[in-house]
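Worksheet: the structure to be examined is printed underneath.
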Amino acid sequence: MMRSGKIWSVPFAALLWNYLLVFLCYTACRLIFIAVNWDYYSEYMTGQLFMSIMRGGLRFDASAICYLSVLYMLLALFPLHLKERRWFHLVSKWTMLVPVIAGVVLNLGDTVYYRYSDSRTTMAVFQEFGGEDNLLGIFLKESLHSWYLVIAGVVFIWILVRFFRLPSAEWKGRLKVYYPVQVASLVVGAALTLIGMRGGASPVLRPISMNNANAYVNRPVEAVAVVNTPFCLIRSVGKKAMPNPHYIPDDELDRVFSAVVSTAAPSLLESRPSESGSIGADGQKNVVVLILESFGTEYFGFYNRDRENYDSYTPFLDQLLDSAWTFEYNFSNGRKSIDAMPSILCGIPYINDHFITSPYALNKVTGLPGLLAGKGYSTAFFHGAPNGSMGFDAFVKSIGMQEYYGMDEFLAEPEFGGKAANDGTWGIWDEEFLQFTAHKLGQLKRPFMASLFTVSSHHPFAIPERYREVYPEGDVPIQKCIRYTDHALQRFFESMQGQEWFRNTLFVITADHTNQSAHSVYQTDRGYFNVPVVFYDPSGELKGHDMERLAQQIDIVPTVLGYLGYDRPFMSFGQNLLAEPAEETFAFNYSNGIYQLFKGSYMMQFDGHQETAFFNYRDDEMLRSNLKGTMPEVEEPMLLLLKGMVQQYVVRMLNDNLIED
């Protein structure tokens with residue numbers, strides 16, 4: 001304990017010194033983690049990657065340290081001069097030291113445990129081993145084997161205790177100075193603590209999750225070095241590990257439902273693969289996946305032509321769909337943007353927890369970008385929101401996107417509109433950002449795979465001032481935004497049509513989820529998930545309005561790869577719609593604890609234990625007649641399929657088995 005020097009008489013100065021001390025110890029823990037597990041990193045480690053890991057680590061350390069020491073911050077800066085006593089400062093000291101020392105121990109412990117778990121420890125480990133009574137013995141045994149970590153821990157604890165600074169135990173100044181200074185210090189300290197916990201100051205950014213570590217590395221295995229164990233434990237509090245439901249014996253699970261897709265199956269298009277040669281060869285088709293914010297099928301005239309008095313808010317897309325391959329029954333797998341990304345780009349549905357922010361976010365996973373990059377494609381992701389929004393930059397990097405273009409990259413090229421194109425809430429207006437995207441697509445090395453996520457059709461449902469009179473309010477506020485983005489898409493396609501690569505490109509058009517609804521048929525458990533799934537090839541190879549097949553977001557990856565002639569098995573929970581018989585196609589979604597399976601004309605609901613409802617959703621659009629128990633010859637196979645899919649998902653998540661080797 002040191003109290004020499006006048007500067008430490010100021011509580012805020014003492015607090016900053018103590019935080020710096022903890023940062024140094026946590027950084028040293030990270031260096032030890034990398035050194036002990038060097039064989040995981042040595043082959044790919046460069047100076048640039050190392051500095052990126054350390055830079056990202058500071059962000060995650062700041063979050064963990066701010067969580068662990070929030071009580072200390074409040075006690076140290078609380079504006080009451082009567083607290084300036086030695087005993088009070090000693091108490092506040094240990095409110096910080098106890099949790100941060102525990103964090104040091106956990107970090108060092110995970111240095112060894114990582115070799116057995118392939119991940120940082122989360123709260124799931126306490127559920128997994130909750131019934132074990134020999135954990136203390138195992139811990140002590142491993143401590144003896146890893147004696148060097150015990151020594152390091154003792155050194156770090158000694159440093160933290162020995163060099164911890166206490167402010168003056170006596171206030172000799174004037175109270176009229178003390179109180180304003182302390183109040184200001186508390187306000188600043190609280191603000192910095194909140195920013196540290198969240199991992200950033202921008203109001204549009206979500207609090208950082210484990211997935212954000214992928215933004216600093218090239219491989220998921222490297223992201224483990226960026227995070228720290230206290231952070232992973234804190235961020236997984238309240239998130240229960242998914243237990244294996246054991247609906248089906250493990251040795252029969254793949255027979256009931258397999259998450260491994262082979263595109264070698266016969267295709268509806270006999271001309272696939274193309275005559276240009278193997279996938280990735282010169283002349284191979286490019287792929288552009290458009291994810292339209294909140295574009296439910298409710299807003300399309302194309303999908304509602306048989307409904308009376310129905311206004312369309314997508315005149316351009318309606319026309320494009322006449323020349324594309326789409327489906328009467330299209331579904332999302334979840335209800336949030338953060339769930340759509342894994343579904344659309346990886347074939348991973350939303351079940352129980354948002355994958356990007358779940359304890360399994362650091363699982364090894366691949367997707368369409370990574371699979372095509374392995375065949376020589378260049379890959380890029382475009383999102384007009386502030387860089388880092390919703391952790392998309394980190395997620396797409398983890399699945400093989402080589403380039404990321406967000407608000408920062410847009411503003412760096414002011415000829416597309418600059419700061420004037422910022423909507424003031426979510427990011428760049430779609431019209432300007434889509435023009436920027438069209439320009440950048442033309443610069444990508446071909447063949448390329450790119451994805452674009454629009455932003456303008458989102459609450460507070462604003463459109464540029466120049467269109468306020470052109471696209472007036474509809475029955476619900478979002479309708480004018482849909483009409484505006486449809487116009488932006490028209491300009492986007494017009495800009496691309498003159499480029500040489502356009503006709504050799506497969507466009508996939510879908511939405512992340514539905515939104516505001518003005519029609520009762522879209523306010524049902526079916527309608528909540530109706531989004532477009534569209535495959536558009538300007539060459540005319542893909543056309544038709546399929547009335548029988550069911551299509552969902554997780555079918556996009558296997559269908560695109562099937563169209564391209566991809567020649568290796570891969571992991572996806574969806575189907576290749578080009579190869580699957582119509583009667584075998586299905587759609588799956590999950591919301592509020594209920595699993596839903598669509599197959600043929602029927603929709604089943606399942607609560608994890610038993611079937612709860614069964615409808616003929618084609619004849620009974622409003623889902624008024626529950627047929628549960630009346631059609632066992634249909635219900636039993638559907639229930640088995642649904643259970644197999646859920647169990648396959650859980651098993652692969654728990655075993656970090658989301659890549660087909």
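Below, each value reflects all heavy atoms present in this structure, side chains not excepted, and no hydrogens, waters or symmetry copies.
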**Request:** Output yes when a side-chain donor or acceptor of W426 lies under 3.5 Å from a complementary backbone atom of H459, and no otherwise.
**Result:** yes

**Prompt:** Which pair of heavy atoms, one from M96 and one from F164, lies closest together, and at what distance?
**Reply:** SD-CE1, 3.8 Å

**Message:** Whether the side chain of N363 engages the backbone of L658 through a donor-acceptor N/O pair (distance < 3.5 Å, no angle test) should be reported.
**Reply:** no

**Request:** Kindly say whether D430 contributes a backbone atom to a donor-acceptor pair with the side chain of S456 at under 3.5 angstrom?
**Result:** yes

**Asked** When you look at I428 and V455, which way does the side-chain contact (heavy atoms from CB on, under 4.5 Å) test go after all the steps?
**Response** CA-CA 8 Å; I428 306 302; V455 303; 5.8 Å; no

**Asked** Given side chains that start at C-beta, do those of F448 and L372 come closer than 4.5 Å, heavy atoms only?
**Response** no

**Item:** Flag, side chain of Y26 to backbone of V100, donor-acceptor distance under 3.5 Å
**Value:** yes

**Item:** Inter-residue atom distance I351.CD1 - Q648.CD, 0.5 Å rounding
**Value:** 10.5 Å

**Request:** Would you name the heavy atoms of T121 and C232 that are closest together and state the gap between them?
**Result:** O-CB, 3.5 Å

**Prompt:** About how many Å separate OG of S63 and CZ of R198, when rounded to the nearest 0.5 Å?
**Reply:** 10.5 Å

**Request:** Begin from the C-alpha positions of M210 and R120 and carry the test side-chain contact (heavy atoms from CB on, under 4.5 Å) through to its verdict.
**Result:** CA-CA 10 Å; M210 288 176 276; R120 287 278 186 171; 5.9 Å; no

**Asked** Are any side-chain N or O atoms of N18 and backbone N or O atoms of A14, one a donor and one an acceptor, separated by less than 3.5 Å?
**Response** yes

**Prompt:** Got a second to check how far F395's CZ is from N212's CG, nearest 0.5 Å?
**Reply:** 12.0 Å

**Request:** Measure from the side-chain N and O atoms of N107 to the backbone N and O of R30, and report whether any donor-acceptor pair falls under 3.5 Å.
**Result:** no

**Prompt:** Are any non-hydrogen side-chain atoms of M54 and L31 less than 4.5 angstrom apart?
**Reply:** yes

**Message:** Quick check: do R652 and M571 have side-chain heavy atoms less than 4.5 Å from each other?
**Reply:** yes

**Request:** Mind listing the closest non-hydrogen atom pair of A373 and Q402 along with its distance?
**Result:** CB-NE2, 3.7 Å

**Asked** Going by atom types only, do Y590 and D339 share a side-chain donor-acceptor pair under 3.5 Å?
**Response** no

**W158/F163 under ring-ring contact (aromatic ring centres under 6.0 Å, His included): CA gap, chis, key distance, verdict** = CA-CA 8 Å; W158 179 81; F163 294 101; 5.7 Å; yes

**Request:** Please round to the nearest 0.5 Å and tell me the distance separating atom CD of E432 and atom CZ of F416.
**Result:** 11.0 Å

**Prompt:** So, T46 side chain and L49 main chain: donor-acceptor pair closer than 3.5 Å or not?
**Reply:** yes

**Prompt:** Does H383 reach the side chain of M407, with side-chain heavy atoms less than 4.5 Å apart?
**Reply:** no

**Request:** Given side-chain contact (heavy atoms from CB on, under 4.5 Å), test M341 with F355 step by step and report yes or no.
**Result:** CA-CA 9 Å; M341 293 285 282; F355 175 74; over 6 Å; no

**Message:** Would you compute the distance between atom CG of N228 and atom CZ of R59 and round it to the nearest 0.5 angstrom?
**Reply:** 13.0 Å

**Prompt:** Any luck finding a side-chain donor-acceptor pair between S69 and Y19 under 3.5 Å?
**Reply:** yes

**Complete:** Note: F433 and G406 closest approach over all heavy atoms is CE1-O, 3.9 Å

**Prompt:** Mind checking whether W94 and V161 have side chains closer than 4.5 Å, heavy atoms only?
**Reply:** yes

**Request:** Grab the two heavy atoms, one from G189 and one from M73, that are nearest each other, plus how far apart they are.
**Result:** C-SD, 3.9 Å

**Prompt:** When rounded to the nearest 0.5 angstrom, what is the spacing between CE in M653 and CG in N244?
**Reply:** 14.0 Å

**Message:** Less than 3.5 Å apart, any donor N or O on the side chain of N387 or D393 sitting next to an acceptor on the other?
**Reply:** no

**Message:** Quick one: does any side-chain atom of S343 pair with a main-chain N or O of Q553 as donor and acceptor, under 3.5 Å?
**Reply:** no

**Request:** Please report the shortest heavy-atom distance between S52 and Y216, naming the atom on each side.
**Result:** OG-O, 2.6 Å

**Pairwise side-chain contact, L16 with L20, heavy-atom cut-off 4.5 Å (strictly under)** = no

**Prompt:** Can you tell if the side chain of C25 reaches within under 4.5 Å of the side chain of L160, non-hydrogen atoms only?
**Reply:** yes

**Geometric class of the F392/F381 ring pair [parallel <30°, tilted 30-60°, perpendicular >60°]** = perpendicular

**Asked** Given L371 and Y377, is the side-chain contact (heavy atoms from CB on, under 4.5 Å) satisfied, shown in steps?
**Response** CA-CA 9 Å; L371 293 172; Y377 275 63; over 6 Å; no

**Message:** With a 6.0 Å cut-off (strictly less than), is the heavy-atom count around CD of Q48, excluding the residue itself, greater than 12?
**Reply:** no

**Request:** Could you check whether the rings of F382 and F436 sit parallel, tilted or perpendicular, using 30° and 60° as the cut-offs?
**Result:** perpendicular

**Message:** I'd like to know if the side chain of D512 reaches the main chain of I291, judged simply by a donor and an acceptor atom lying under 3.5 Å from each other, with no hydrogens or angles considered.
**Reply:** no

**Request:** Indicate yes or no: at least one non-hydrogen side-chain atom of Y360 is less than 4.5 angstrom from one of L654.
**Result:** yes

**Request:** Look only at the side chain of R235 and the backbone of I208, and say whether a donor-acceptor pair between them is shorter than 3.5 Å.
**Result:** yes

